[in-house]
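Heads up, the thing below is written out as structure tokens.
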Amino acid sequence: MSASCVFPMCARASRGLLRLRNGTPVAVDVARLLSTDKPAAGDDSATGGLARAILQQRLQQQSQGQPPPAEGAEGAGGGGDKKQKENTAYAKKMVLRLAGLMGLGGAVSVVYIFGTNSVDEEGNQIPDEFDKEPPVVQQLKRTVKYFQDYRQMIIEPTSPKLLPDPVKEPYYQPPYTLVLELTDVLLHPEWSLATGWRFKKRPGIDYLFQQLAPLYEIIIFTAETGMTAYPLIDGIDPQGFVLYRLFRDATRYMDGHHVKDVSCLNRDSSKVIVVDCKREAFSLQPFNGMALKKWDGNSDDRTLYDLANFLKTIALSGVDDVRSVLENYATEDDPVDAFKRRQAQLAQEEEQQQQQRVGEWSQQKKSGLSLGSIASRFWRSKQQ
């Protein structure tokens, strides 16, 4: 074999070996291996075997559909990922800076708006207790005070006296006060895609109002807002049995619940009954309330009829303190149903007592007749 034949083959084989070690075999080297140059007769050496191994490996990769990676691809990809990471970090840094500037500007605007003195009708500033402080301190303290007052307005009722004083003669003041919740007690909210929110009227509302209006001062005290509840009350009470209306702003916000404080109603607590579907609504005065089951919209419901009979019984009995009665139903899941059971049991006991009295009277009558007959016979025998 001439030097011109051996050395090119060795160079090509060694180039293929180096590229295999780097993991990047090149197709052009395989094409050169497929050239028409025939090796010498003694080409069973390590160099010839290496060339055949390179050829077999490359053909196997091509048959499996694996495209040969370009030279320097790994280095180029690494550089692109690094640049992309740098761009992402820069974008995040700019977004954070922009958000910080916007937050700072918003805070300054809030302090400027809410920390300025109030003005009267003529546009003159009204002095307050912070006027002697430095300007920045004034702004900050007025802002803090504004938000504290706003929070207090949400938590506390709008007034310590939610109702006016009871009327005096010659006007009529009912002896008891009935406080009713609107949602799930008198109305049931329903929502559909076609109609949106609608409120269904519970059976027995008219009967309840008509039966209790002479005995109770009827008040609707709801956790709904006035904008929502006012037209609903107009719809269920066209005759005006409801004397007063109280809304969410009159409640006391405690532990995530709107609580109705009986002490703020300006009425005698011993004569006030609160009807709601949540016990938390009267948690401050638990024995002033009755917790009914939520109405699910069933048209066959009779709860309000039974409730009217229960409350009417309390009023006609002249109870001095309604809390002594409602305390007996405080642990009942359905106090109205419990009242019906006790009423039926009481009626049965009275019937048994009546039958017992009738039996005793008839027995006394029979014994009286027997004694009378004996006395009359004795009188006749004496005359004879």
task: Please test Gln138 against Lys132 for side-chain contact (heavy atoms from CB on, under 4.5 Å), starting from the C-alpha separation and ending with a verdict.
output: CA-CA 8 Å; Gln138 289 183 29; Lys132 296 181 180 180; over 6 Å; no
- request: Could you check Lys161 against Arg267 for side-chain contact (heavy atoms from CB on, under 4.5 Å), going step by step and ending with a plain yes or no?
  value: CA-CA 9 Å; Lys161 289 186 178 182; Arg267 295 292 184 269; over 6 Å; no
- request: Show your reasoning for whether ring-ring contact (aromatic ring centres under 6.0 Å, His included) applies to Tyr329 and Phe287.
  value: CA-CA 9 Å; Tyr329 298 90; Phe287 297 141; over 10 Å; no
task: Let me see the working for Ile273 and Tyr176 under side-chain contact (heavy atoms from CB on, under 4.5 Å), right down to the final yes or no.
output: CA-CA 8 Å; Ile273 298 176; Tyr176 299 93; 5.8 Å; no
- request: Would you please test Tyr253 and His258 for ring-ring contact (aromatic ring centres under 6.0 Å, His included) and show each step?
  value: CA-CA 5 Å; Tyr253 192 73; His258 293 280; 5.0 Å; yes
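In this structure, the separation between CG on Leu304 and CG on Leu292 is 8.0 Å, given to the nearest 0.5 Å. Within the model, atoms OG1 of Thr183 and CG of Leu232 stand 7.5 Å from one another, a figure rounded to the nearest 0.5 Å. Rounding to the nearest 0.5 angstrom, the gap separating the CZ atom in Phe114 from the CG atom in Leu140 is 14.0 Å.
More than 12 non-hydrogen atoms from other residues, nucleotides or ligands lie less than 6.0 angstrom from CG of Asp131. Heavy atoms of other residues, nucleotides or ligands lying less than 6.0 angstrom from CZ of Arg341 number more than 12.
For the pair Arg245 and Tyr230, the cation-pi test (distance below 6.0 Å, angle within 45°) is passed.
Residues Ser269 and Gln285 have side chains that never bring a donor and an acceptor to within less than 3.5 angstrom of each other. Inspection of the Lys200 and Ser299 side chains reveals an N or O donor paired with an N or O acceptor under 3.5 Å.
If you chain together hydrophobic residues whose side chains sit under 4.5 Å apart, Leu178 and Leu316 fall into the same group. When hydrophobic clusters are built by joining Ile, Leu, Val, Met, Phe, Trp and Tyr residues whose side-chain heavy atoms come closer than 4.5 Å, directly or via intermediates, Phe209 is grouped together with Ile233. In this structure, Met94 is not a member of the same hydrophobic cluster as Leu96, with clusters built from ILVMFWY side-chain heavy atoms closer than 4.5 Å.
Pairs of residues two or more places apart, or lying in two chains, that qualify as side chain to side chain donor-acceptor pair (under 3.5 Å) and include a residue from residues 273-283 are Lys260-Asp276.
Aromatic ring pairs are classed by plane angle as parallel below 30°, tilted from 30° to 60° and perpendicular above 60°; the pair His188 and Trp295 is perpendicular.
For Tyr305, the ring pair (Phe, Tyr, Trp, His ring centres under 6.0 Å) partners at least two apart in sequence or on another chain are Tyr207. Scored by the side chain to side chain donor-acceptor pair (under 3.5 Å) test, Thr88 finds no partners at all (sequence neighbours excluded). Among residues two or more places apart in sequence or in another chain, the ring pair (Phe, Tyr, Trp, His ring centres under 6.0 Å) test is passed with Phe241 by none. In this structure Asp261 satisfies the salt bridge (charged side-chain N to carboxylate O under 4.0 Å, His left out) test together with Arg252, sequence neighbours excluded.
Results of the side chain to side chain contact (heavy atoms under 4.5 Å, CB included) test with Lys293 over Val336, Asp334, Val185, Asp337 single out Asp334 as the only residue that passes.
Cluster partners of Phe221 are Leu162, Leu163, Val179, Ile219, Leu243, Tyr244, Leu246, Val262, Leu265, Val272, Val274, Phe282, counting Ile, Leu, Val, Met, Phe, Trp and Tyr whose side-chain heavy atoms approach within less than 4.5 Å, directly or via other members.
Looking at Arg202, its side chain never comes within 3.5 Å of a backbone N or O of Leu186 through a donor-acceptor pair.
For the pair Leu208/Ile218, no side-chain contact is recorded, criterion being any heavy-atom separation below 4.5 Å from C-beta on. Taking 4.5 Å as the limit, every side-chain heavy atom of Asp206 sits out of range of all side-chain heavy atoms of Ile236.
Ionic pairing of Arg342 and Glu332 is present here: one or more N-O contacts between side-chain nitrogen and carboxylate oxygen are shorter than 4.0 angstrom.
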